[in-house]
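What follows is a single structure, written as structure tokens, with notes after it.
Quantities reported herein were computed from a predicted structural model and do not represent experimental measurements. Lettering follows sequence order; numbering is per chain, from 1.
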Amino acid sequence: MRGLWKWFADRWPFYPLRDLLLKEEIPGGASFAYTLGSSVLMIFTLQIASGILQLFYYVPTTDHAYDSVSYLRTEVPFGWLVHNMHYWGAQAMVLVVVLHMLRVYIWGAYKKTPLTWFIGVALIFITMAMSFTGAPLIWDQAGYWAGEVGSSIAGEVPLIGGIQKIILRGGETMGQLALSRFFAFHIWVFAPLLALLIGAHIAAFRTSGVGGPWVEEKRKRTGPFWPDQAFKDLVTATVVFLGLITLSVFFPVSFTGAADTLNTSYIPKPEWNFLFLYQALKYFKGPWEPIGAAGVPAAFIILLLAVPVIDRYPERNPFRRPIAMACLAAYVGVLAVLSIIGYLSPGLAQMPVIAPGSPPRQSSSYLMSVAQGAPVPTGVVPHTSNARKPQEHGRGGEADRAGKAGQRGAPPGSQSLPSEEKALEETTGRAAFIIGSAENGADLYEEECVSCHGPGGKDGVPNPGSEDGTVPPLNPIDRKLYDKDPKIFAGNIDKIIQHGSVPEGPHPALRMPAWGDSRSLTQQKIANLEAYILKLNGVNRAQLVHPGMQPKSFLLLVGIVYILTLLLLGGLRSKRSRKADSHEE
Amino acid sequence: MSDTVPAHGNRDETGREREDDSVTRRKFFKVVIGVTAFLNGLILGIPFLRAIINPAPLQKLSYTEVGDIGSLPIGEPQDMNFAMRSGDAYRHEEVIHSVWVVKHSPAEVTVFSPICTHLGCHYKWNPQAGHFECPCHGSVFTITGKVIGGPAPRPLDTLPHKLEKGKLFVEWERFKVGVSEKVRA
């Protein structure tokens, strides 16, 4: 065994590499203040692992990206953990990178290691790029709109904007080519670049050393990186790690519904780490807009790059660097204030994004007719978006029928509506397989359904001429439609929402329109409505089908394992120190 | 300066003790690092592996209409295509499947899965020779599905079916290939 190892070590620089990674005398000794960088490294490793695992299930196509992520999250054992860890890891990475940079700035460490700082600025930029390109991959409402707005901002930059947008989207509109590009950038461009630059960052600080305490006197005493600093690094990293698991268990990412350009009830707002940009751009109006689009992000980056160039004063004690600290306060203050205003501001009503050459959208006029109290919409059929045409997927079946209905322009409520019994014999639409957003479904319900089914689905309005006398309540729903399995339940109500139904009775005044067949509602909207109706009846559409282990039980198990280990290590420690004491006596 | 004075004063008496202490402390650090790193890897490693080692659940079976068998010749295998909406993970489109149907009488048929039991290729009926042949590795089966040549480990798989008013309904399912037992896959 030893011979084999020697054979290997003679041919491969194991020891030099180990020394490069571990051998360093830290001025002033180990400190918890220096553990932020290694926590970023831990999170990045986590992102690679969870990212690769998601690739085992994910497909970057506009028609199935959302479903593939939903499948991973609900039907793959521990898929919920994989996805939520990736999401929370991404949030934590941005946050910890910022904290790491703040620490380095306050300690004045960049004065000793400017190259490490420059690489760090590149890293924060790429981290933001990862955050930006990652969100649209789910192709849900949140991600779609983040991608749409973000790449539009890139497109407004003077001179290079047009080309930037085309590079990002593969064309003018947010479609399949855009999704493929976000995918390629996220996984094949930015992730490897991040890994490379992290390597360069580590090599740079091992070569040019680390800053150490700001008081020169304290720097004279040194402590080893291994194991003193490594121990502290691991303690912080483990705390962050356990924090991420806890967040994944208690705050799973919400299902915002499949991307749908026609769903104007969804108000897009950027993730917290882009709120500052979102808010700043509001101050650049008209001709100033391109200047804001290019200038704001550039200004933040250039200021960071300029730090070691401008500030060459050797003093590192923050208490003796009033100007540097004032600048920091201003920089962080501007970011924080912009983010807070952005967070509090009511989201702007969604602007219709109309690609050149695409016909004008009709959904708003259609929504109006419902708002004016017309319970049965007339023949206005909103056209489907070019971003996603769910009804046109698959061969035959309901797709063809829906297509024909669309061509005929048959309004919902036309004579061809089936009885409920007949409707239930028909096939489900695509919506039945999409995990919708119950939250958005509630809004859609207010717009589309409340006039007949009553608030919260409790009291259906009177329906003269029908056998029941009222519109059937949805909460609680007819037991015939109910099922505790969310897929079956959604499938049951889907048939009625897609194909409509005529209540039994001589001359029912109100009928259930064929929302899907007539294309009055997109499949994504129907899926959201279904999620809401399930929720009214106490069923979670996004219920974990194969969790591997229930999230809370998993967290409990993790907690028990760590507490037992801590007790064990604590026992070991006290035994050892007792031994050392007795030895000394 | 002030904090160096006591250290200087105690050096002779406590210097050695401190060194010993720091040695045991570092040893302890290494143990904690090892254990915690291992634990962190395990806590995530096991669920992540579980996410990969995830046999897709078996599909629920249901009868699908294949078609009218009235016109089929008796004693001559025919392949029949039919469409069904089968759930393939997160895809729920209509898929065309095919089966080999051998009609014995208007009320009696045998339905074979079109998948060779050896390694999953699709075999064909050879009307001249009067047997089924798999093009991949040369397995040969009789009209009753018995293996008469090649590496196939078990007879052809039959599928559950029923006849209603001359129409054939089949319960489409798949079986593991390469094993001598007929096990659902």
Side-chain angles (χ1 to χ4, degrees), chain A residues 42 46 49-50 53 56-57 59 64 66-72 75-79 81-82 85 217 224 226-228 230-231 233-235 237-238 241-242 245 393-397 399 427-428 430 432-433 545-546 548-549 554 557-558 561-562 565 568-569 572-573 576-577 579-580 583-584, chain B residues 1-4 7 13-60 64 81-96:
Chain A
M42 184 279 294
L46 177 72
S50 54
L53 261 147
F56 277 77
Y57 293 95
V59 290
H64 285 102
Y66 183 78
D67 295 337
S68 71
V69 175
S70 302
Y71 179 83
L72 167 72
E75 301 202 32
V76 172
F78 292 104
L81 183 68
V82 173
M85 285 295 266
E217 202 55 41
W226 178 262
D228 295 26
F231 170 76
D233 281 343
L234 200 64
V235 170
T238 305
F241 175 66
L242 295 176
I245 294 181
H393 290 284
R395 281 161 274 178
T427 51
T428 51
R430 191 148 141 62
F433 304 108
V545 182
H546 299 291
M549 198 172 178
F554 176 73
L557 181 73
V558 170
V561 167
Y562 273 92
T565 311
L568 202 75
L569 288 172
L572 196 73
R573 173 91 173 115
R576 280 225 175 154
S577 55
K579 221 177 182 177
H583 182 72
E584 198 57 34
Chain B
M1 272 297 149
S2 61
D3 60 342
T4 58
E13 281 168 41
T14 58
R16 200 156 52 92
E17 189 192 23
R18 278 192 176 177
E19 206 165 276
D20 280 353
D21 191 40
S22 77
V23 168
T24 51
R25 203 184 78 227
R26 289 201 171 124
K27 253 190 198 156
F28 176 69
F29 279 173
K30 285 178 192 172
V31 171
V32 175
I33 290 171
V35 170
T36 318
F38 175 73
L39 214 58
N40 290 358
L42 215 60
I43 285 295
L44 216 56
I46 293 173
F48 277 22
L49 265 180
R50 183 72 187 83
I52 297 179
I53 309 167
N54 168 43
L58 295 179
Q59 284 197 33
K60 281 182 198 133
T64 311
N81 287 0
F82 64 99
M84 65 179 281
R85 191 185 219 169
S86 57
D88 179 4
Y90 42 83
R91 306 193 63 137
H92 302 273
E93 286 90 4
E94 228 168 46
V95 186
I96 310 284

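Rounding to the nearest 0.5 Å gives a distance of 12.5 Å between CZ of A/Arg573 and NZ of B/Lys27.
Between B/Ile33 and A/Pro227, the shortest heavy-atom contact is CD1-O, 3.8 Å. Among all heavy-atom pairs drawn from A/Val76 and B/Ala51, the shortest one is CG1-O, 3.5 Å.
The part of A/Met85 that comes within reach of chain B is its side chain, from C-beta onward, which places non-hydrogen atoms under 4.5 angstrom from that chain. At a 4.5 Å heavy-atom cutoff, the contact between A/Tyr57 and chain B is made by backbone and side-chain atoms alike. Neither the backbone nor the side chain of A/Ser70 comes within less than 4.5 Å of any heavy atom of chain B.
Between B/Asn40 and A/Tyr562, the closest side-chain pair of non-hydrogen atoms falls below 4.5 Å.
The most heavy-atom pairs under 4.5 Å with chain B, out of A/Leu557, A/Ile245, A/Val59, A/Leu572, come from A/Val59. Of all the listed residues (A/Phe56, A/Phe241, A/Phe554), the one sharing the greatest number of non-hydrogen pairs under 4.5 Å with chain B is A/Phe241. Interface summary for chain B: among A/Leu242, A/Leu234, A/Leu46, the most heavy-atom pairs under 4.5 angstrom belong to A/Leu234. The most heavy-atom pairs under 4.5 Å with chain B, out of A/Thr238, A/Leu569, A/Asp228, come from A/Asp228. Among A/Ser68, A/Pro224, A/Ala49, A/Ala432, the residue making the largest number of heavy-atom pairs under 4.5 Å with chain B is A/Ser68.
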Kindly indicate, with the supporting measurements, whether the criterion side-chain contact (heavy atoms from CB on, under 4.5 Å) is fulfilled by B/Arg91 and A/Phe433.
CA-CA 9 Å; B/Arg91 306 193 63 137; A/Phe433 304 108; over 6 Å; no
Step by step, work out the side-chain contact (heavy atoms from CB on, under 4.5 Å) result for B/Leu49 and A/Phe78.
CA-CA 9 Å; B/Leu49 265 180; A/Phe78 292 104; over 6 Å; no
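Proximity of a side-chain donor or acceptor of B/Arg85 to a complementary backbone N or O of A/Thr427 within less than 3.5 Å is not detected.
Between B/Phe28 and A/Phe231, the ring planes lie tilted relative to each other; the angle falls in the 30° to 60° range. Between A/His64 and B/Tyr90, the angle of the ring planes lies from 30° to 60°, which puts this pair in the tilted group.
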